[in-house]
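Here is the naming used below: chain letters follow the sequence lines, and residue numbers restart at 1 for every chain.
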Amino acid sequence: AQSVTQPDIHITVSEGASLELRCNYSYGATPYLFWYVQSPGQGLQLLLKYFSGDTLVQGIKGFEAEFKRSQSSFNLRKPSVHWSDAAEYFCAVGARAAGNKLTFGGGTRVLVKP
Amino acid sequence: NAGVTQTPKFRVLKTGQSMTLLCAQDMNHEYMYWYRQDPGMGLRLIHYSVGEGTTAKGEVPDGYNVSRLKKQNFLLGLESAAPSQTSVYFCASGPGLAYNEQFFGPGTRLTVL
């Protein structure tokens, strides 16, 4: 069965500083990987996704993520954080099987200090 | 396009009451999903559907039922609500292609007293 671990429950970062969110997955084959963001009181919005090919993936809002098969990781990064990046971030792995189901990590809440 | 919409946005139930949550999508997606979100646990899949008239169990299906009578709608029912079902419920839809990207609704906050 697939699983996702986000080791950091909360992260506090100063505005303008860099941000890295960790994601480790368990899946028996090459995974589909996603990062979603949830602003307070909102639904989830897709930031970026990895299916195959280039292991460095660019997303919206200046985010990028790198797939490292040897480490079973898909960490999310942003070079310079803005106050509007305060949100909860979810990593997810997708099954290449019937239903195209997603398995989510527990989430990382990001607080941005002025 | 409205995308994925959910009705209602908030609801308070007493233990043992029943209710139905409605999800509607206007993107002509084949696949639809119901999740619940609880603190520290991310989103967990309750039930899903791969097409009109089909439903299947997800990770946490107990206490819930679903129906997909029309392609654009996916209903989640609680027949006898319990306090353990207090949660935020999200509906999502996807095109059913290989890359399984899902589009989410705004959520329904349910409290069971």
Side-chain angles (χ1 to χ4, degrees), chain A residues 1-11 21-27 29-53 57 59-60 67 87-109, chain B residues 2-7 9-10 21 23-25 27 29-51 54-61 66 68 74 87-109:
Chain A
Q2 62 213 53
S3 65
V4 178
T5 301
Q6 294 181 245
D8 303 305
I9 298 175
H10 294 99
I11 285 182
L21 303 183
R22 296 183 290 165
C23 172
N24 294 99
Y25 69 90
S26 173
Y27 187 67
T30 301
Y32 297 134
L33 293 163
F34 303 82
W35 275 101
Y36 283 87
V37 61
Q38 183 182 30
S39 298
Q42 304 295 315
L44 276 71
Q45 180 184 20
L46 181 69
L47 283 176
L48 48 78
K49 56 193 176 189
Y50 170 80
F51 300 128
S52 63
V57 180
I60 63 171
F67 170 58
E88 189 156 22
Y89 293 79
F90 293 95
C91 182
V93 61
R96 301 186 181 206
N100 290 351
K101 294 173 284 186
L102 292 180
T103 299
F104 285 85
T108 299
R109 186 169 297 277
Chain B
V4 180
T5 58
Q6 293 183 231
T7 309
K9 289 185 170 54
F10 303 93
L21 282 66
C23 175
Q25 54 96 2
M27 296 174 280
H29 285 164
E30 289 293 331
Y31 290 16
M32 296 187 74
Y33 309 84
W34 276 107
Y35 295 90
R36 60 177 290 171
Q37 183 182 29
D38 302 292
M41 305 185 73
L43 278 75
R44 292 179 292 168
L45 183 64
I46 304 171
H47 287 281
Y48 65 100
S49 167
V50 299
T54 75
T55 63
K57 293 180 179 180
E59 181 185 357
V60 289
V66 288
R68 182 104 180 265
F74 195 29
S87 188
V88 181
Y89 291 85
F90 286 97
C91 176
S93 70
L97 301 174
Y99 303 145
N100 59 9
E101 177 177 343
Q102 295 180 17
F103 298 82
F104 285 81
T108 294
R109 183 172 295 276

Whatever's closer than 4.5 Å to a heavy atom in chain A on Gln37(B) counts as side chain

Applying a strict 4.5 Å limit to non-hydrogen atoms, the region of Leu45(B) in contact with chain A is side chain

How about CZ on Arg44(B), more than 12 heavy atoms from neighbouring residues, nucleotides or ligands closer than 6.0 Å, or not?
yes

Exercise. Is the count of non-hydrogen atoms from other residues, nucleotides or ligands lying under 6.0 Å from Met41(B) atom CE greater than 12?
Worked result: no

To the nearest 0.5 Å, tell me how far [X] [atom1] sits from [Y] [atom2].
| X | Y | atom1 | atom2 | answer |
| --- | --- | --- | --- | --- |
| Phe104(B) | Tyr36(A) | CZ | OH | 5.0 Å |
| Glu59(B) | Thr103(A) | CD | OG1 | 7.0 Å |
| Glu101(B) | Phe51(A) | CD | CZ | 6.5 Å |
| Tyr33(B) | Leu102(A) | OH | CG | 6.5 Å |

Whatever's closer than 4.5 Å to a heavy atom in chain B on Leu46(A) counts as side chain

Of the listed Gln42(A), Gln6(A), Gln38(A), the one with the largest count of heavy-atom pairs under 4.5 Å with chain B is Gln38(A)

